[in-house]
Amino acid sequence: MRDRFCLTLLMTAILFATVPLFSEEILMQNASTQATVSPSWIHDSSAKLQKELTAKYGAQQKERLDRGLHQVAEFWRADDGDAAAFEEFVRINFAGDQATLDTMFNRFQSMLEQLDGHMHEITREFNQQSDLDLGPVLPFDEAFAGYDPSAHVLDDFFNNKLAFTVLLNFPLTTLDQRLKDGPTWTRRQWAEVRLAQRFDKRIPADVNLAIAQAGAESGQYIAQYNIWMYHLLDPQGQRLFPPKMRLLSHWNLRDEIKADYSDPQTGPAKQRMIQQVMERIVTQTIPQIVVNNPAVDWNPYTNEVKPAVVKDSDATESRSITNAPEPDTRYATLLKTFIASRKADPYSPTAPTLIDRRFQEDREIPEARVKAMLEQVLSSPLAVQTAQLIQTRLGRPLEPFDVWYNGFRPGSQFTEAQLDEIVAKKYPTAEAYQKDIPNLLIKLGFSPDRAQHVADNIIVDPARGSGHAMGSGMRAEKAHLRTRVEKTGMNYKGFNIAVHEMGHNVEQTFSLNDNDYTLLQGVPNTAFTEALAFVFQGHDLELLGLPAPDAKSQAEKSLNDFWATYEIAGVALVDMSVWHWMYDHPQATPKQLDQATVQISKDIWNRYYAPIFHKNDVVLLGVYSHMIDSFLYLPDYPIGHMIAFQIEEQMKKAGSIGPEFERMAKMGRITPDLWMERATGHPVGPEALLEATQRALAAAGAK
Ligand SMILES: [Zn+2]
């Protein structure tokens with residue numbers, strides 16, 4: 001599942017960039033003494049060194065020297081040494097000529113690749129039992145999975161002064177500078193900028209640890225949040241879902257709504273019931289005892305709970321059975337991630353909130369621009385036209401759960417069962433998929449050479465969950481594709497996800513192994529890695545040897561993606577608003593956050609969805625699990641769809657995916673707009689998506 005992958009990437013980003021076990025007040029005191037006060041002598045020492053070293057290395061080094069002295073002084077604390085130690089440090093570590101600077105740059109690049117690579121390797125190994133289908137997870141496995149070997153790295157690098165060496169010699173930049181000057185920088189200059197950025201904060205290890213713990217705790221909360229569907233009773237007391245069906249919120253619940261469109265008889269009743277369940281999760285009126293519990297029967301409409309009168313598991317229940325609501329645990333969990341994130345704020349002067357860090361540092365697209373792009377999609381007249389088309393196809397007025405309408409399907413000439421059969425035959429095991437990777441890549445337009453090169457860098461593992469991709473941090477390691485294979489073979493859903501994850505792995509391989517600078521490995525932000533993976537995923541039927549989508553299918557795909565973007569854009573706005581609300585109400589209780597989230601979900605629904613669905617005050621936009629455990633991640637999805645369209649359009653122009661994919665992936669981590677300009681000739685935006693949707697609506701014969 002892409003979600004899982006993204007979280008992996010995300011945590012790496014948080015941990016390196018930015019977690020205390022002690023109280024807020026103590027931290028704030030520390031922050032004011034520690035994060036902002038440089039020693040009083042530092043100005044005089046800097047002035048002295050500036051004269052001395054300019055005389056030594058020449059006037060052409062003066063600008064670099066001034067900048068380096070200023071950057072070191074900003075982060076130097078009394079604990080780091082006295083004036084003599086500071087001066088000595090600068091004298092021996094300033095690279096006064098180009099040859100020394102080149103050597104320094106090359107060695108830092110190579111050493112940091114080793115550090116990142118091995119840290120990532122340990123993390124991957126420690127998560128093996130949780131991530132892979134290898135038998136029961138014991139409590140100590142969870143502790144391994146929660147452990148982050150890199151938590152102290154940044155601290156260590158300031159203590160041993162390697163961070164200061166970088167700050168003395170390479171430039172710190174603001175997002176504004178990167179946006180304005182980045183287009184004229186050389187690849188080496190970009191690599192130097194990324195090198196310096198690693199040390200633009202001095203966050204204590206205990207703060208990083210607290211963030212990691214809040215992340216792990218919220219992840220656990222989400223991972224256990226299953227609804228046992230056979231135990232849901234409709235108003236007539238009937239069970240609409242089969243025994244043993246256990247759906248994880250919100251992914252599986254949402255996907256079941258989608259699947260139920262293929263069942264015109266009982267589908268709508270099932271979909272309404274799932275919507276009711278989701279609303280109870282968002283509003284926290286869900287009875288605590290029904291969460292992940294097949295020992296009780298529950299009517300989500302009346303909220304009545306009784307001991308289960310049918311059995312589809314070995315579970316028993318010793319607690320007294322009541323419908324007492326879940327006590328705002330959902331929002332208490334989210335609040336913990338907020339409180340932990342905020343502890344990093346005082347140590348991040350250039351991006352002093354999690355919101356700033358997400359937009360200015362991780363996404364590198366200003367928040368206002370992201371908001372405007374989302375609103376452009378949400379208020380597009382194309383949404384009204386698409387909704388009318390859906391209504392015509394369904395033959396009934398839209399209901400709120402239709403935000404997950406999935407009838408726009410290029411592959412709809414095959415039933416899921418037919419596809420399952422084809423896939424299971426082709427891929428009875430994970431090894432069978434592994435062996436086929438070169439062929440799959442050749443089908444996507446890669447030359448046999450390049451296909452083999454990439455395939456040699458991917459290892460397929462059996463996933464415990466639905467699947468994810470895990471890249472590597474150094475060239476000596478391989479990317480891992482985790483995919484779910486049932487005993488009866490892979491099913492179509494698993495294949496579709498595996499193709500998506502393979503897209504990640506291919507991007508990870510090119511952007512690391514074939515990049516001119518490992519410091520530039522990756523893509524501008526996670527939305528790009530998703531977009532590139534979507535490109536692969538969109539061609540999954542062809543990879544099965546089934547007909548390539550015709551014009552009509554392509555129109556259906558565009559409409560499907562537009563509708564998905566329209567849905568997730570609102571979800572992203574909820575996520576953004578909730579984080580702003582938390583920052584505006586830092587003392588809020590879980591109950592207050594519950595009420596605020598419900599209100600925000602309703603407001604955004606009422607503004608952008610109610611005019612189309614003709615129903616007010618729906619709370620469904622608040623159901624995404626990412627909102628609870630992913631630290632403001634959701635905006636990456638709609639941006640990802642927009643970017644996917646931009647990239648897909650470019651692939652079409654180029655005529656083949658393979659070489660274009662490689663050309664793009666090798667650009668690495670420059671700013672999003674610059675990457676997109678060089679990839680397609682335009683900055684990031686929704687225009688390609690909207691244009692494709694307009695064409696698709698015309699092709700689909702919509703008014
Ligand atoms: Zn993904």
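Residue numbers count from 1 along this sequence.
Put simply, the side chain of Val578 reaches to within 4.5 Å of the side chain of Leu334, judged on heavy atoms. Counting heavy atoms from C-beta on, the side chains of Phe528 and Met664 never come closer than 4.5 Å.
With salt bridges taken as basic N to acidic carboxylate O contacts below 4.0 Å, one links Asp131 and Arg482. In summary, Glu542 and Lys443 do not engage in a salt bridge, as defined by a charged side-chain N under 4.0 Å from a carboxylate O.
Side-chain contact check for Tyr225 and Glu326: at least one donor-acceptor pair (N or O, by modelled atom type) lies under 3.5 Å. Checked by atom type, the side-chain pair His641/Asp561 shows no donor-acceptor distance below 3.5 Å. Looking at Asn439 and Asp436, their side chains do bring a donor and an acceptor atom within 3.5 Å of each other. Side-chain contact of Asp550 with Ser553: a donor-acceptor pair under 3.5 Å is present, judged by distance alone. Side-chain contact annotation: Asp312 with His231, donor-acceptor N/O pair under 3.5 Å present. Between the side chains of Glu121 and His118, at least one donor N or O sits under 3.5 Å from an acceptor N or O. Residues Asn491 and Tyr427 have side chains that never bring a donor and an acceptor to within less than 3.5 angstrom of each other. With hydrogens and angles left out, the side-chain atoms of Glu364 and Asn525 include no donor and acceptor closer than 3.5 Å. Counting only N and O atoms by type, the side chains of Glu530 and His500 include a donor and acceptor under 3.5 Å apart. Side-chain contact annotation: Gln508 with Asn505, donor-acceptor N/O pair under 3.5 Å present. For the 3.5 Å distance criterion, the side chains of Asp148 and Ser150 qualify, holding a donor opposite an acceptor. For the residue pair Glu279 / Gln275, a side-chain donor-acceptor distance below 3.5 Å is found, with atom types taken as modelled. Between the side chains of Glu507 and Thr529, at least one donor-acceptor pair of N or O atoms lies under 3.5 Å. Checked by atom type, the side-chain pair Gln213/Glu217 shows no donor-acceptor distance below 3.5 Å.
Environment of NZ in Lys552: sparse, with no more than 12 heavy atoms of neighbouring residues, nucleotides or ligands closer than 6.0 Å. For Glu421, the CD atom is loosely surrounded, since the number of other residues' heavy atoms within 6.0 Å does not exceed 12.
A cation-pi contact, defined as under 6.0 Å to the ring centre and within 45° of the axis, links Arg363 to Phe359. For the pair Lys336 and Phe631, the cation-pi test (distance below 6.0 Å, angle within 45°) is failed.
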Could you go through Glu477 and Arg475, starting from their C-alpha distance and side-chain angles, then the distance that decides it, and tell me whether this counts as salt bridge (charged side-chain N to carboxylate O under 4.0 Å, His left out)?
CA-CA 5 Å; Glu477 277 282 297; Arg475 288 178 179 168; over 6 Å; no
Test salt bridge (charged side-chain N to carboxylate O under 4.0 Å, His left out) applied to Glu567 and Lys258, step by step
CA-CA 13 Å; Glu567 177 257 336; Lys258 292 184 176 201; over 6 Å; no
Trace of the side-chain hydrogen bond (donor to acceptor under 3.5 Å, both in side chains) decision for Asp514 with His453:
CA-CA 10 Å; Asp514 300 280; His453 160 69; 2.9 Å; yes
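A side-chain contact (heavy atoms from CB on, under 4.5 Å) with Ile274 holds for exactly one of Met229, His250, Arg254; it is Met229.
Although no hydrogens or angles enter the test, the distance criterion places a donor-acceptor pair under 3.5 Å between the side chain of Gln276 and the main chain of Pro300.
Ring pair Tyr633/His626 is parallel by interplanar angle, where below 30° counts as parallel and above 60° as perpendicular.
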